[in-house]
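Okay, so here's the structure we're looking at.
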Amino acid sequence: MIRFILLQNRQGKTRLAKYYIPLEESEKHKVEFEVHRLVVNRDPKFTNFVEFRTHKVIYRRYAGLFFSLCVDITDNELAYLESIHLFVEILDHFFSNVCELDLVFNFHKVYLILDEFILAGELQETSKRAIIERMGELEKLE
Amino acid sequence: MALSGMRGLSVFISDVRNCQNKEQERLRVDKELGNIRTRFKTEKGLTPYEKKKYVWKMLYIYMLGYDVDFGHMEAVSLISAPKYPEKQVGYIVTSCLLNENHDFLRLAINAVRNDIIGRNETFQCLALTLVGNIGGREFAESLAPDVQKLLFSSSCRPLVRKKAALCLLRLYRKNPDVINVDGWSDRMAQLLDERDLGVLTSSMSLLVAFVANNHDAYWSSLPKCVKVLERLARNQDIPQEYTYYGIPSPWLQVKTMRALQYFPTIEDPNTRRSLFEVLQRILMGTDVVKNVNKNNASHAVLFEALALVMHLDAEKEMMSQCVALLGKFIAVREPNIRYLGLENMTRMLMVSDVQDIIKRHQAQIITSLKDPDISIRRRALDLLYGMCDVSNAKDIVEELLQYLSSADFAMREELSLKAAILAEKFAPDLSWYVDVILQLIDKAGDFVSDDIWFRVVQFVTNNEDLQPYAAVKAREYLDKPAIHETMVKVSAYILGEYSHLLARRPGCSPKEIFSIIHEKLPTVSTSTIPILLSTYAKILMHTQPPEPELQNQIWAIFRKYESCIDAEIQQRAVEYITLSRKGAALVDIMAEMPKFPERQSALLKKAENTEADTAEQSALKIRAMQQSSNALVVTDHHPANGTPPVSQLAMVKIPSISSVDHNTADQVVTPENGALSVVDPQPSEPSVDLLGDLLGPLAIEGPPAATRSEDNSVSGVDGSSYVDEALALAPVGEDANTIQPIGSTAERFHALLLKDSGVLYEDPCIQIGIKAEWRAHQGRLVLFLGNKNTAPLVSVQALIMPPSHLKIELSVVPETIPPRAQVQCPLEVINLCPSRDVAVLDFSYKFGTQGVNVKLRLPALLNKFLQPMSVSAEEFFPQWRSLSGPPLKLQDVVRGVRPMSLSEMANLFNNFRLLVCPGLDPNPNNLIASTTFYSESTRAMLCLIRIETDPADRTQLRMTVASGDPTLTYELKEFIKEQLVYIPTTSGGPTAAPLQAQPTSPPTTVSDPGDILAGLLH
């Protein structure tokens, strides 16, 4: 199960944070700080997995942005690693050539997309088309 | 498209981005927060658009890491907005800002439910998403039926159904009782026939959660899973949009194989054959390709298939195929694949018969120990540790030692502990073991815990052959410049004891030994000085005939420390100088340390304890327990490997006869070297760290007899030898309950009053954990009985002695707990009527020849049947008045209250689920709390409590308790009183450690060192 998802830039600014477990505010800040420190200095040639407390962080870097998923120690690492990429492909499709600024100014859209992709810490939909179509429906309602 | 579509929001975001520094940003954010706060407060008629804008801004500010402590209400209230745009904001922001424990969330339950049962599909989706992401227990109880309806509704689009499936999963995780297993068996199988892959993916996650808890109810889903897997693996009827880089949904494949791993086996031969065909196809058909995404996706499937093959205990041929594949993976350059190769190989060690094949890859694995990536290094270390046995211990330990000097700090402690354990377990000869430990101290002294050097001293003391060798080595290390303080300690100790064995060698005369050790004295801390003083005293004693020059030198040092501020050092200095004037008596008293009684290695114990910790965590997740690659488990699972579970370095046994002579003689006639024992004479205190007494920090301790009663509690790995000793020494104690609890059982009980999971009892053999869930008048407890040893616990019995007000049903407890296994015993509790009485668990088991019986209070007290309840002034006062006096309302003055501030008291009340309602009582020194009590006879009943404190005298207060039931009022009042005056007892109090049989310590062997010392000095 995914415990939380973080999108952070190199400086450690949080661009998106979604927690599927109940954490206190102070704990969230701590987690965000620690995860950033953990992933930011890793060599690109290293694995995409790092142990984090009693869990594992699966992360991937796209330009200056780090996408990190915290999952259970026994979860399938590569499957979650590719779910990050699928999410990025969806964002890329939705914003047509996504960049960090898109995510900053449209953070609320990113939350919406994420809610169509992952729910209760589990993958909900893996079809890019289904999610993009769904976003289209929702845009019309606004 | 970089604009948000809301101008105010975009402007604000730009402003924040344009800030030059953190200070400016804070100013801008504070300004905005101030603005939002006033708008929310003063303007009642905010348009929905404005509200929406402000709430988004709040979320943005929150994301930047600022505290947003207001506006939650506004966000929640948007949930009930009639139009989609506002409602959507309400839902999203609420699920980011609040978590399931937040009180505001309760306010939203009704609105959320209305959206779920309403006709608007979009609203349904929003509501399901919120509940799926942050729903808690209360949501589970009130919404589960509605959500299930949506999941099976034929009129709902897949869009809604997949959300309903995962929403239900969340609710199930919060409270498994919301699913009625009986009806679900068929429904689950039906869900797996789903054609829509979105719904199927979500349903598969749901199945994984179900089977992880109880696979028995879902056997009918097993063939369906295999069908799904076949369909995917053969790419039959999979829409293009569900293939990812040409691979039919890798995620669904992985999930399906994960679900299959929760079934212990596959009985039906046809299903089994089909599954193995698919698995074979995956194992053989996965190639390394250029495209990284495709590669990752196909290997995600492959690794899951490997895990499933291991789980199913496939034929040897397929297993060797797997090992061959893994062997390939650990040699590739791609770091992720290499990491997973190592990790899975470690898991593979649990499967029999493959150890030898894995050993062939040892060189490759050692290379990974030097990988620049710490994640890979850790995996390599785990694997090396797991695969170590007598045949390769020398190589592996030497590699670890070599690596130690270059290893990063984060890993050194683990590394040195593992090296020490392996050296102890698998040493081909003892001198090698001594070499390894000394090297460890030399290379990573900071990371070598005391246990490690205590252990080497034990071995040297107990093995005469080893003593000259150890002394030579210690002497050699002292020649090195700048040695670690731990090295000073261990070499000073060893040379104090055994340097006389080297006397004829060059550089080893007493004088030379003394001066080389004394050179180090200015560099060491106060904890080492006592050891050095003891060494000097020993050197002096061994120098026969005495050398006046050396004697004067050493006496001068003792005299210098006679007035040392450190009590330990001072005492030794004073004692040694007095003793050394006694001439021949010195020799008696300062003679060589007697052999240590054989005991379990504290290192192994330590490692076991860390393991027990993980096991407790994973009690929640069975899977994690089965699969966590804890190398320690692994080695101990392979006794067949030629590795006896007992340490290879089993110490020389002390013949029981001589030991008896020795002890009785010493104790009665001359107190020999027990004389100076300053070891805290508290034989009743169970010693947790049994090595701690080695030097704690005294170099001279009582003969083994003085500690013998404790030693039994270590449940010697080699039971027979010391059972004899125990018999000889203390015939009365033979049947005594010598396995002692670790930690205070009473304290554990009190801690569990306030929380629902934790450890109820622990001793060297067993750990009993408990996890409870309470709902109204019912409770569901699970006892986790974990065997910490490598031998089974037998004659396990658990009886519940319930008080009359509780109905308790305990499921069957197995008679034997296999080595290192954990069994779970569920327990159903029903509260019939109010009472403070305590249920007791009468638990017994046998380990080897020792029987243990303990009576443990179960944390199923009155407060567990309370539900905190917040009341307003309008609700409180009429109720309070209507309950006019005894017996429904009782008042009592409580004295001897343990001192605490009012806020501490409020905390205490809240912890006991008595919700303090601030502001109800006009007097700030008073507290009002309310709660609902549940029992079968009273049903739900409101209880009100008022506490009046006296600021001048915190030890007394007046308490008034009111409820609609006289017994409840009385019992609750007494319960609170007990909690207010309860003072945590450390141990030994009447409530502490309800052990049936206290250990009987041998009466003749307990001697107060103080008395003996006094006698000597006169």
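The sequence lines fix the lettering, A, B, ..., with proteins before strands; numbering per chain opens at 1. Below, each value reflects all heavy atoms present in this structure, side chains not excepted, and no hydrogens, waters or symmetry copies.
Side-chain atoms of A:Asn76 and B:Lys255, non-hydrogen and from C-beta on, never get closer than 4.5 Å to each other. A heavy-atom distance below 4.5 Å is not found between the side chains of A:Leu81 and B:His299. Counting heavy atoms from C-beta on, the side chains of A:Glu77 and B:Tyr339 come closer than 4.5 Å. Looking at A:Glu142 and B:Gln88, their side chains come closer than 4.5 Å, going by heavy atoms from C-beta outward. Looking at B:Ile374 and A:Phe46, their side chains never come closer than 4.5 Å, going by heavy atoms from C-beta outward. Residues B:Tyr242 and A:Arg129 fail the side-chain proximity criterion, which asks for heavy atoms closer than 4.5 Å. Between B:Asn133 and A:Lys18, some side-chain heavy-atom pair lies under the 4.5 Å cut-off. Side-chain contact between A:Arg134 and B:Leu159 is present, with at least one heavy-atom pair separated by less than 4.5 Å.
Between B:Arg347 and A:Ile73 the shortest heavy-atom distance is NH2-O, 4.4 Å. The two residues A:Ala79 and B:Ala300 have their closest heavy-atom pair at N-CB, 3.5 Å.
At a 4.5 Å heavy-atom cutoff, the contact between B:Arg17 and chain A is made by side-chain atoms alone. For a residue to count as touching a neighbouring chain, one of its non-hydrogen atoms must lie under 4.5 Å from one of that chain's; by this rule B:Pro250 does not touch chain A. For a residue to count as touching a neighbouring chain, one of its non-hydrogen atoms must lie under 4.5 Å from one of that chain's; by this rule B:Glu334 does not touch chain A. With a threshold of 4.5 angstrom between heavy atoms, A:Leu103 does not approach chain B through any atom at all. Only the backbone of A:Leu23 comes within less than 4.5 Å of a heavy atom in chain B; its side chain stays farther off. Only the side chain of B:Ile337 comes within contact range of chain A, judged by heavy atoms closer than 4.5 Å. Only the side chain of B:Asp67 has a heavy atom closer than 4.5 Å to any heavy atom of chain A. Heavy-atom distances place both the backbone and the side chain of B:Pro335 under 4.5 Å from chain A. Residue B:Leu197: no heavy atom, backbone or side chain, is found under 4.5 Å from chain A. Only the side chain of B:Lys52 comes within contact range of chain A, with heavy atoms under 4.5 Å apart. For B:Asn336, the parts lying under 4.5 angstrom from a heavy atom of chain A are both the backbone and the side chain. Both the backbone and the side chain of B:Thr129 come within contact range of chain A, judged by heavy atoms closer than 4.5 Å.
Of all residues in residues 35-42 of chain A, those placing a non-hydrogen atom less than 4.5 angstrom from a non-hydrogen atom of chain B are A:Arg42. Heavy-atom proximity under 4.5 angstrom to chain B picks out A:Tyr111, A:Leu112, A:Asp115, A:Glu116, A:Leu119, A:Ala120, A:Glu122, A:Leu123, A:Gln124, A:Glu125, A:Thr126 from residues 111-126 of chain A.
The most heavy-atom pairs under 4.5 Å with chain A, out of B:Asn99, B:Val301, B:Leu98, come from B:Asn99.
Contacts of B:Glu414 classified as side chain to side chain donor-acceptor pair (under 3.5 Å), with partners at least two apart in sequence or in another chain: B:Arg378, B:Lys418. Residues that satisfy the side chain to side chain donor-acceptor pair (under 3.5 Å) test with A:Lys28, not counting sequence neighbours, are B:Tyr62.
A side-chain N or O of B:Asp373 and one of A:Thr47 form a donor-acceptor pair less than 3.5 Å apart. For the residue pair B:Tyr244 and A:Glu82, a side-chain donor N or O sits within less than 3.5 Å of a side-chain acceptor on the partner.
Taking the six-membered ring for Trp and thresholds of 30 and 60 degrees, B:Trp56 and A:Phe107 have ring planes more than 60 degrees apart, a perpendicular arrangement.
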